[in-house]
Amino acid sequence: MKRLQRLKATAALRDLVAEVGFGRAQLVQPLFVVEGLAAPEAVPGLGDNDRLPLAALGARVTRDLEAGVRQFMLFVVPAAKQARGFDAGFASRAIETVKARGGDAATLWVDTCLCSHTASGHCCLHDSRGRQDLPGTLAELASLARAYADAGADGIAPSDMNDGRVAHLRATLDAAGHDLVPIMSYSAKFASGFYGPFRVAADSAPQHGDRRGYQLDVRSARDAYAASERCAAEGADLLMVKPGMSSIDLIAGIGARTGLPVGAYQVSGEYAGLTLLAREGLANFDAALLESWYVMRRAGAAFIVTYGARLAGALGLS
Ligand code: PBG
């Protein structure tokens, strides 16, 4: 009797036998920087994760570092939407701004995708017949990634799901002398209804169709394993499942199959689910947020990308 209660009697006993624990070192804080914006703009559901003008980015990074954030994921939203031939100038200035503030204390990953550049809002280019232009897509991704690394990015995080992009990015980075810049691949990324706030933040909603032609179908774990094994074989250093909370069943299996660290991205809709529950008085936000992180850790996540990373210190994580 009471066997399951005995070690729950005090916080110290619960800490003693907790199977997982983690700290701010394993959390990654997203940042949105938007070209041409006059003042920060709130994103519905994302709390203090504003769309930031470049002029406000440095101060945000400084405050985040003071709060103990060590890892950042930068999303760059350029002003001009184009068909192809994307310009990394604004992104480079943003990367330089973060690194000027953070230096080695801020590890900066840069989300690498085409959807906030393309007039179509898609993560790939299309040819004149409306079919995916894979060689053109890979060339654009590689030139962006190279520019990001040249500007000082610590890591490249391709989120596009196009075939062969990790191999192409790896070869491009190596040839440019960035052979120590790791690739964090969004390797198991599902077509999802949970990206809503992000598409407002990054101005990246598809203007025609959807992303089901290249993102994974939630009904299939098989494809998530295959896509992750593909990214590992192509040279990814870190893998990720996304949406994180609804993919926890896959994390351990991907880790076992690839031998690589697998992170979880608690995506915008998942995070907004918590903020909106709390706003309605239906949940204690802090408790629910911590619970969600512990569950992803329990499932085997090596790291977590979350809009709440900057809150972790206040929640008691070391
Ligand atoms: C870009 C990208 C998306 C997210 C991260 N990178 C959106 C999408 O694929 O539609 C979603 C992140 C979130 O919802 O928090 N390809």
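Note that the structure is a prediction, hence the values are computed from the model and not measured.
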Inset, instruction - Go through the steps to decide whether His178 and Asp150 satisfy the test side-chain contact (heavy atoms from CB on, under 4.5 Å), and finish with yes or no. - result: CA-CA 8 Å; His178 296 301; Asp150 285 346; 2.7 Å; yes
Legend entry - Stepwise side-chain contact (heavy atoms from CB on, under 4.5 Å) check, His208 with His126: CA-CA 12 Å; His208 62 85; His126 292 95; 4.3 Å; yes
Inset, instruction - Could you check Leu31 against Asp64 for side-chain contact (heavy atoms from CB on, under 4.5 Å), going step by step and ending with a plain yes or no? - result: CA-CA 10 Å; Leu31 296 168; Asp64 286 346; 3.8 Å; yes
Legend entry - Verdict with supporting geometry, Phe86 and Leu125, side-chain contact (heavy atoms from CB on, under 4.5 Å): CA-CA 11 Å; Phe86 307 122; Leu125 304 183; 3.8 Å; yes
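The line from CH2 of Trp109 to OH of Tyr148 is 15.5 Å long, rounded to the nearest 0.5 Å. In this structure, Gln82 CD and Ser120 OG are separated by 12.0 Å, a value rounded to the nearest 0.5 Å. In this structure, Cys231 SG and Leu238 CG are separated by 11.5 Å, a value rounded to the nearest 0.5 Å. Separating the CE atom in Met161 from the CD atom in Gln215 is a distance of 7.5 Å, to the nearest 0.5 Å. Atom CG of Leu239 sits about 7.0 Å away from atom CD1 of Ile254, to the nearest 0.5 Å. Rounding to the nearest 0.5 Å gives a distance of 7.5 Å between SG of Cys123 and CG of Asn162.
There is a path of hydrophobic side-chain contacts, each under 4.5 Å, that joins Met245 to Leu315. Residue Tyr195 is not grouped with residue Val34 when hydrophobic side chains (ILVMFWY) are merged at heavy-atom distances under 4.5 angstrom, including chains of intermediate members. Cluster membership for Leu46 and Val28, using ILVMFWY side-chain heavy atoms within less than 4.5 angstrom, is shared. By the criterion of side-chain heavy atoms lying less than 4.5 angstrom apart, applied directly or through intervening Ile, Leu, Val, Met, Phe, Trp or Tyr residues, Leu274 is grouped together with Ile248 in one hydrophobic cluster. The cluster map of Ile, Leu, Val, Met, Phe, Trp and Tyr, joined by side-chain heavy atoms under 4.5 Å apart, puts Phe194 and Val43 in the same cluster.
Contact between Ala188 and Leu216 at its shortest, heavy atoms only, is CA-CD1, 3.7 Å. The shortest non-hydrogen separation linking Val110 to Ala153 is CG2-CB, 3.7 Å. Of all the heavy atoms in Val305 and Pro30, the pair that sits closest is CG1-CG, 4.0 Å. Closest of all the heavy-atom pairs between Ala94 and Leu74 is CB-CD2, 4.1 Å. Taking both residues in full, the closest heavy atoms of Ala149 and Leu173 are given as CB-CD2, 3.9 Å, listed atom of the first, atom of the second, then distance. Closest non-hydrogen pair, Gly209 versus Pro206, comes out as O-CB, 3.9 Å.
For Phe303 and Phe22, the ring centers sit 6.0 Å or farther from each other.
Counting only N and O atoms by type, the side chains of Arg146 and Thr172 include no donor and acceptor under 3.5 Å apart. Counted by atom type alone, Tyr186 and Asp111 present one or more donor-acceptor pairs between their side chains at under 3.5 Å. Under the 3.5 Å distance criterion, with hydrogens and angles disregarded, no donor-acceptor pair is assigned to the side chains of His117 and Asp87.
Other residues, nucleotides and ligands place no more than 12 heavy atoms under 6.0 Å from the CG atom of Asp104. The environment of Glu291 atom CD is sparse: at most 12 non-hydrogen atoms of other residues, nucleotides or ligands sit within 6.0 angstrom.
Within the structure, the side chain to side chain donor-acceptor pair (under 3.5 Å) test picks out the following pairs touching residues 252-269 (sequence neighbours left out): Tyr265-Tyr307, Gln266-Ser292, Gln266-Trp293, Gln266-Thr306. Within the structure, side chain to side chain donor-acceptor pair (under 3.5 Å) pairs that include any residue of residues 4-26 do not occur (at least two apart or interchain).
The main-chain N or O of Val76 is found under 3.5 Å from a side-chain atom of Ser116 such that the two form a donor-acceptor pair. Between the side chain of Thr107 and the main chain of Gln71, no donor-acceptor pair closer than 3.5 Å is present. Of the possible donor and acceptor atoms, none in the side chain of Lys242 sits under 3.5 Å from a partner among the backbone N and O of Ser247. Judged purely by atom type and a 3.5 angstrom limit, Asp50 has no side-chain atom pairing as donor or acceptor with the backbone of Leu52. Judged by distance alone, with hydrogens and angles left aside, the side-chain atoms of Arg84 form no donor-acceptor pair with the main-chain N or O of Gly136 at under 3.5 Å. With Glu140 contributing its side chain and Gly85 its backbone, the two residues share a donor-acceptor pair below 3.5 Å. Using modelled atom types, one side-chain atom of Arg51 and one backbone atom of Ala201 make a donor-acceptor pair closer than 3.5 Å.
Between Met240 and Met184, the closest side-chain pair of non-hydrogen atoms falls below 4.5 Å. Arg93 has its side chain within reach of Glu35: a pair of non-hydrogen atoms, C-beta onward, lies under 4.5 Å apart. Using a 4.5 Å heavy-atom threshold, the side chains of Asp203 and Phe32 count as separate. Within the 4.5 Å cutoff, side-chain heavy atoms of Pro53 are placed close to those of Pro40. Proximity of Pro197 to Pro44: side-chain heavy atoms (C-beta onward) are nowhere separated by under 4.5 Å. Inter-residue side-chain proximity for Arg310 and Arg60 is flagged as met; some heavy-atom pair is nearer than 4.5 Å. Side chains of Leu27 and Val69 form no contact here, defined as non-hydrogen atoms less than 4.5 Å apart. Taking 4.5 Å as the limit, some side-chain heavy atom of Leu54 sits within range of a side-chain heavy atom of Leu57.
With sequence neighbours excluded, no residue forms a ring pair (Phe, Tyr, Trp, His ring centres under 6.0 Å) with Phe90. For Phe285, the ring pair (Phe, Tyr, Trp, His ring centres under 6.0 Å) partners at least two apart in sequence or on another chain are Tyr271. With sequence neighbours excluded, no residue satisfies ring pair (Phe, Tyr, Trp, His ring centres under 6.0 Å) with Tyr225.
Of the listed residues (Asp237, Asp154, Ile156), just one forms a side-chain contact (heavy atoms from CB on, under 4.5 Å) with Val181, and that residue is Ile156.
Electrostatic pairing of Arg129 and Asp127 does not count as a salt bridge here, judged by no charged N lying under 4.0 Å from a carboxylate O.
Using a 30° and 60° split on the angle between ring planes, Phe198 and Phe75 fall in the perpendicular class, above 60°.
Other members of the hydrophobic cluster containing Leu13, listed by chain and number, are Leu7, Leu16, Val17; membership follows side-chain contacts under 4.5 Å among ILVMFWY residues, whether direct or relayed.
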